[in-house]
Amino acid sequence: MNSTTRFKLSTMMFLEFFIWGAWFVTLGTFLGNNLKASGSETGAVFSTQSWGAIIAPFIVGLIADRYFNAERILGVLHIVGAVLMYQMYTAADVSVFYPYVLGYMILFMPTLALVNSVSFNQMKDPEKEFANIRVFGTIGWIIAGLLISFVFHWDSPEGIQSGLLKNTFLMAGIASLVLGLFSFTLPVTPPKVAEGSIKVRDILGLDALKLLKDKNFAIFFISSILICIPLAFYYQNAGLFLADIKVSNPTGKMAIGQVSEALFLLAIPVFFSKYGFKKTILIGMLAWAVRYVLFAYGNADNLSFMLIIGIALHGVCYDFFFVSGQIYTNSKAGEKVKSAAQGIITLATYGVGMLIGFIVAGYITDMYKSGDVTDWKMVWIIPAGIAAVVFLLFAVLFNDKTKAEIEVKAI
């Protein structure tokens, strides 16, 4: 890969995740303060990510893979996304905001697969080259958070009170427009599937469902859905929680989670080789419960270190469960249904699991909110309990003795 192509792909990844990090982290705070949304309404807005994840395979499989170059459809989706971002920026009520964010997420979630397709198409050795490109996405997410907290101060108590968080959508919209236009300069990535040769069962990965005949894989599959219920609490409530208890620069501090994610990714092969899949994934599950206990009992003053540790655990929570799960799925699936198996796990977690999670998180938040006061201790104790139960069920029921392949390319 030449330096020009490397620069373009790195810039594409940076902008892709800068856009997501620019508005999604502060979304809960924005909804609660700017639009006065209830917990259930906030849950409905966050669940648009899940609907996007469910619909994304159809957009990529039925349209992008058959008729258009990946870089062109990426450009169109981000340009339209920029328009929807502007509508979200101007929305004054959650009922007006919702259809725009739903439309946006339906368009944005497929771009996560498209940027990977554009990247892989230019790589002779993706196992070695992709990580060096993908890391710029993590950097983009971190930079977005640092800008919000330390440059623009939109998430300061004064900024939140003044309604400045709506500017995150304007920033994301501008970045989306830039990436949309920039996408047309990306390396050509033609369709890979001949017209008429793809079936809906292929798009949905239904052939991979035969893996559920394996008792241990079925337990892993169900556990993946269940653990995403407490996961949704973090995405939906963490930013709002930190802002509500007056933690300074909350968005910038949440970027610690992305730094942690990048660092712990390097530890996955070590843990796999030393402890195996079951123990590694159990550590990830346990980390969710520990993180929420830290959130429940921490505060913005003398116990603020508990909140920072909770945020820093994101790398263990995410990598040790999701990345380990991808490796395990890869080792169990075999060549014929490898891609389909990854797709069905993604659909189960980001689609079904988190959809249920956002609904539950919204309901629980409303249950423990009185006026403008939220009992955050209970809001965090409940998902901690759910994560602990999933941990125990998986520990008792999962007994796969086979050792998953430990290869960098599986990550």
Side-chain angles (χ1 to χ4, degrees), residues 9-31 42 45-46 48-50 52-53 74 77-78 81-82 84-86 88-89 101 104-105 107-116 133-156 159-160 164-180 182 231-232 234-243 247 249-265 311-315 317-319 322 350 354 358:
L9 295 180
S10 299
T11 302
M12 172 190 71
M13 282 293 183
F14 178 90
L15 290 171
E16 174 77 10
F17 288 89
F18 177 92
I19 292 166
W20 201 0
W23 68 280
F24 198 71
V25 176
T26 57
L27 179 59
T29 309
F30 167 81
L31 292 170
T42 299
V45 170
F46 272 91
T48 59
Q49 173 186 273
S50 299
L74 179 68
L77 291 178
H78 275 298
L84 292 173
M85 270 290 165
Y86 181 76
M88 291 155 68
Y89 165 72
V101 71
Y104 180 81
M105 291 307 274
L107 297 181
F108 178 78
M109 294 307 286
T111 68
L112 297 173
L114 291 172
V115 293
N116 288 344
I133 298 297
R134 175 59 181 81
V135 70
F136 282 92
T138 301
I139 293 172
W141 185 293
I142 292 170
I143 293 297
L146 295 179
L147 286 175
I148 291 170
S149 282
F150 297 106
V151 176
F152 300 122
H153 305 292
W154 292 334
D155 62 348
S156 65
I160 293 172
L164 296 183
L165 278 179
K166 75 172 189 175
N167 293 329
T168 58
F169 300 102
L170 188 60
M171 180 170 72
I174 292 171
S176 185
L177 179 61
V178 170
L179 179 53
F182 180 74
L231 166 62
Y234 179 75
Y235 288 124
Q236 184 167 316
N237 285 329
L240 176 60
F241 162 65
L242 295 176
V247 171
N249 305 308
T251 312
K253 287 177 179 173
M254 284 186 68
I256 294 171
Q258 274 57 55
V259 176
S260 168
E261 181 184 329
L263 293 176
F264 277 103
L265 187 61
I311 294 170
L313 277 174
H314 184 72
C317 294
Y318 185 88
D319 292 337
F322 283 97
Y350 284 98
M354 291 192 68
F358 287 132

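We use all heavy atoms of the structure for the numbers below, so side chains are in, but hydrogens, waters and symmetry mates are not. The first residue in the sequence is number 1, and the count goes up from there.
Using cut-offs of 30° and 60° for the angle between ring planes, the Phe152 and Trp154 rings count as parallel. Between Phe46 and Phe24, the angle of the ring planes goes over 60°, which puts this pair in the perpendicular group of the 30/60° scheme.
In terms of heavy atoms, Pro110 sits closest to Leu77 at CB-CD1, 4.4 Å. Here the closest heavy-atom approach between residue Ala53 and residue Met109 is recorded as N-CG, 3.7 Å. Smallest separation of non-hydrogen atoms from Ala82 and Gly173: CB-O, 3.4 Å. Here the shortest heavy-atom pairing between Thr251 and Gly145 reads CG2-CA, 3.7 Å.
Atom OH of Tyr235 has more than 12 neighbouring heavy atoms from other residues, nucleotides or ligands inside a 6.0 Å radius.
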* Asked: Given the rule in the side chain to side chain donor-acceptor pair (under 3.5 Å) test, do Thr111 and Glu16 qualify, once you have shown the distances and angles that lead to the verdict?
  -> CA-CA 8 Å; Thr111 68; Glu16 174 77 10; 2.6 Å; yes

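Side chains of Ile311 and Leu242 form a contact here, defined as non-hydrogen atoms less than 4.5 Å apart. In this structure, the side chains of Asn116 and Met13 come closer than 4.5 Å at one or more pairs of heavy atoms. Side-chain contact between Phe108 and Met85 is absent, with no heavy atoms from C-beta onward closer than 4.5 Å. A 4.5 Å side-chain heavy-atom check between Phe18 and Leu147 finds at least one atom pair inside the cut-off. With contacts defined as side-chain heavy-atom distances shorter than 4.5 Å, the pair Tyr318/Phe264 does not qualify.
Atoms CG and CG, from Leu74 and Leu112 in turn, are 10.0 Å apart once rounded to the nearest 0.5 Å. Here Gln49 contributes atom CD and Phe358 contributes atom CZ; the two are 5.0 Å apart, rounded to the nearest 0.5 Å. Note that CD of Glu261 is 5.5 Å distant from CG of Asp319, once rounded to the nearest 0.5 Å. Put simply, CG on Leu177 and CD1 on Ile19 are 9.5 Å apart, with the number rounded to the nearest 0.5 Å. One finds the CD1 atom of Ile148 at 4.5 Å from the OG1 atom of Thr26 (value rounded to the nearest 0.5 Å). Here the CD1 atom belonging to Ile160 is positioned 8.5 Å from the CG atom belonging to Leu240, to the nearest 0.5 angstrom.
For the pair Ser176 (side chain) and His78 (backbone), a donor-acceptor distance under 3.5 Å is present. At least one donor-acceptor pair closer than 3.5 Å links the side chain of Thr29 to the backbone N or O of Gly239.
For Asn237, the side-chain hydrogen bond (donor to acceptor under 3.5 Å, both in side chains) test picks out Thr365, with sequence neighbours left out. Partners of Ser10 under the side-chain contact (heavy atoms from CB on, under 4.5 Å) rule, at least two apart in sequence or in another chain, are Arg6, Ile133, Phe136.
Aromatic ring centroids of Tyr104 and Trp23 lie under 6.0 Å apart.
Applying the side chain to side chain donor-acceptor pair (under 3.5 Å) test to residues at least two apart or on different chains, the pairs with a partner in residues 139-153 are Trp141-Gln258, Ser149-Asp155.
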